[in-house]
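Right, one structure below, let's go through it.
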Protein chains: 2
Amino acid sequence: MLVCQESLFTEAPPATGGIIVPSKNSKEPRETLNRERVLRAAVSLADECGIDSVTMRELGRRLEVKAASLYNHIASRDDLLGGMVDLALSEIAVPTEGVFWKETMRRRAISAREVFARHRWAAGLIDSRDRTGPDSLAYVDRVLGVLIQAGFSPAAAANAFLVLDSYLYGFERQRPDVSIEDGFERSEAARKILAAIPHGGYQNAARVAMEYAEHPFDQEAAFEFGLGLILDGLERQLGADSTRR
Amino acid sequence: MLVCQESLFTEAPPATGGIIVPSKNSKEPRETLNRERVLRAAVSLADECGIDSVTMRELGRRLEVKAASLYNHIASRDDLLGGMVDLALSEIAVPTEGVFWKETMRRRAISAREVFARHRWAAGLIDSRDRTGPDSLAYVDRVLGVLIQAGFSPAAAANAFLVLDSYLYGFERQRPDVSIEDGFERSEAARKILAAIPHGGYQNAARVAMEYAEHPFDQEAAFEFGLGLILDGLERQLGADSTRR
DNA sequence: ACCTGAACACCGTTCAAGT
DNA sequence: ACCTGAACACCGTTCAAGT
């Protein structure tokens, strides 16, 4: 299914050709396009080939339609990206209100990380873009509900939400591309790092590098460590606020 | 100095014209370009007009040079963006090793936020891009040094660094564009939000919106709240590790 | 209502040619 | 060593024209 090689042809394929999109039975009259089909195609294109390859023209090619036609279903490329983010965020597991808020928030964060692993382009697209899509809004409302029900004031709940998601998105964007894998390569890497230290420069960075060469960096553990830190802090704040009241 | 209006001319300005770049005395023979001058011009272009207007062609226009010439000084647009990030990060205040680590980290975070306020494009560019520029590496080394000296193990220091910066960058990217300002507009906004709630939907979001309509959201306070949470957590971890040893 | 063709005003990058 | 002209292979978006 992964068809990301830069197109070998610039011209449109012959209309008869089932070669390019083999999974599509071209006999049945193609059902008409709509916003959802466009968004879903964009998401899988981004998943497979990276966000940079999500161009109007490439997306049109995938949907067997000219780029200009897409504007019947989306307002602009920005609108497209916004819709894609909305779709991705909607995959984050729904917090269930019955569970203890801390556990709910932890599960939500881990679920979000799984979503961001599946859609590696998504975290980079969440920013000034308003989170006003209906799915997103419902999601935000549910998260706030869990926190308010747990005893946070509306403002404190919003604050907690913001702090948690800042960490979540920020961690995701720093997701390191660790490439060194087997033991030999690791110690070899450490040796090189030491050799490259120019006469006592970057000593601290070198110590960390050596440490990681021996005990590889556990990204998931690092994430959950920070998550726990924040959740514990929020819990303490909640306790302080409720005794004061 | 702000000259961001989309260029009114496509053709190059007349060579004699001091009209377009009035601050530049065009009589003296322009000093030759170099990497630093290109990067600095790109940074101020991004500051003034946004990152999207940093194109090779526009940058060339600013430097009174054809776009192709830029490739004598930078390898590619990606190289350019990397260099810009490096330059911005180098503006973050240097942590001084003499001070208590927690205060140092707090000041660093606040300084970083000031830098990101000045260069609003910067936070969005820090991601998979390696932080391997010489300035960045020296900076990383210094931060790690403060933490290690405070008693964190190399791995714990790296973890603390990662957690802090995840929060920092993540918060920055969510920086809300609060547009409502005066009191009347705020209560008006709250009224509208309530009116828009479709028969009991999004109740929690509505409560938060109303709360903010009365007591406007203090972004700086929210940031420092989360920052304090994380720093306190790290301090507790440091204490636990050192008593255990 | 939806799609196409063709155009417009852009991009990043390469490269032979100039100085 | 640095810059230019010209080209290549792209972009997003608009719009009259088709069905």
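Within every chain, numbering begins at 1; the chains are lettered A, B, ... in the order of the sequence lines, protein sequences first and strands thereafter. Just so it is clear, the model here is predicted, and its values are computed rather than measured.
Taking atom CG of residue Leu80(B) and atom C1' of nucleotide dC11(C), one finds them 14 Å apart after rounding to whole Å. Counting to the nearest Å, the P atom of dT4(C) and the NZ atom of Lys66(A) are 7 Å from each other. Between the CG atom of Leu70(B) and the P atom of dC3(D) there is a distance of 9 Å, rounded to whole Å. Remark: P of dC11(D) and CG of Leu59(A) are 12 Å apart, rounded to the nearest angstrom. If you take CD of Glu58(A) and P of dG12(D), they are 10 Å apart, rounded to a whole angstrom. Spacing between atom CG of Asp79(B) and atom P of dG12(C) amounts to 14 Å, rounded to whole angstrom units. Taking atom CG on Asp52(B) and atom P on dC10(C), their separation rounds to 15 Å, with Å as the unit. Spacing between atom CD1 of Ile74(B) and atom P of dC3(D) amounts to 12 Å, rounded to whole angstrom units.
Applying the ring pair (Phe, Tyr, Trp, His ring centres under 6.0 Å) rule to His119(B) yields the partners Trp121(B); only residues at least two apart in sequence or on another chain are considered. Among residues two or more places apart in sequence or in another chain, the side-chain contact (heavy atoms from CB on, under 4.5 Å) test is passed with Ser44(A) by Glu48(A). With sequence neighbours excluded, no residue forms a side chain to side chain donor-acceptor pair (under 3.5 Å) with Arg120(A). A search for ring pair (Phe, Tyr, Trp, His ring centres under 6.0 Å) contacts involving Tyr167(B) returns Phe171(B), Phe223(B), not counting sequence neighbours.
Residues Leu80(A) and Leu59(A) are in side-chain contact: their nearest non-hydrogen atoms beyond the backbone lie under 4.5 Å apart. With contacts defined as side-chain heavy-atom distances shorter than 4.5 Å, the pair Met84(A)/Leu81(A) qualifies.
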Annotated protein contacts, base or backbone, on nucleotides 13-19 of chain C with a non-hydrogen cut-off under 4.0 Å, one of B, S, - each: BBB----
Given the rule in the side-chain contact (heavy atoms from CB on, under 4.5 Å) test, do Arg108(B) and Asp165(B) qualify, once you have shown the distances and angles that lead to the verdict? CA-CA 10 Å; Arg108(B) 181 177 75 85; Asp165(B) 277 20; 3.0 Å; yes
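Between atom OG of residue Ser76(A) and atom OH of residue Tyr71(A) there is a gap of 7.0 Å, rounded to the nearest 0.5 Å.
Contact between Ala88(B) and Val115(B) at its shortest, heavy atoms only, is O-CG1, 3.5 Å.
Heavy atoms of Ser69(B) sit under 4.0 angstrom from at least one base atom.
A gap of 22 Å separates the P atoms of dA9(C) and dA9(D), to the nearest Å.
His73(A) has no side-chain polar atom (N or O) that falls below the 4.0 Å cut-off from OP1 or OP2 of dA1(C).
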Which dot-bracket notation, 5' to 3', represents the base pairing of DNA chain D when pairs are defined as Watson-Crick or G-U with both distances under 3.5 Å, crossing pairs as [ ], and inter-strand pairs as |? ||.|||||...|||||.||
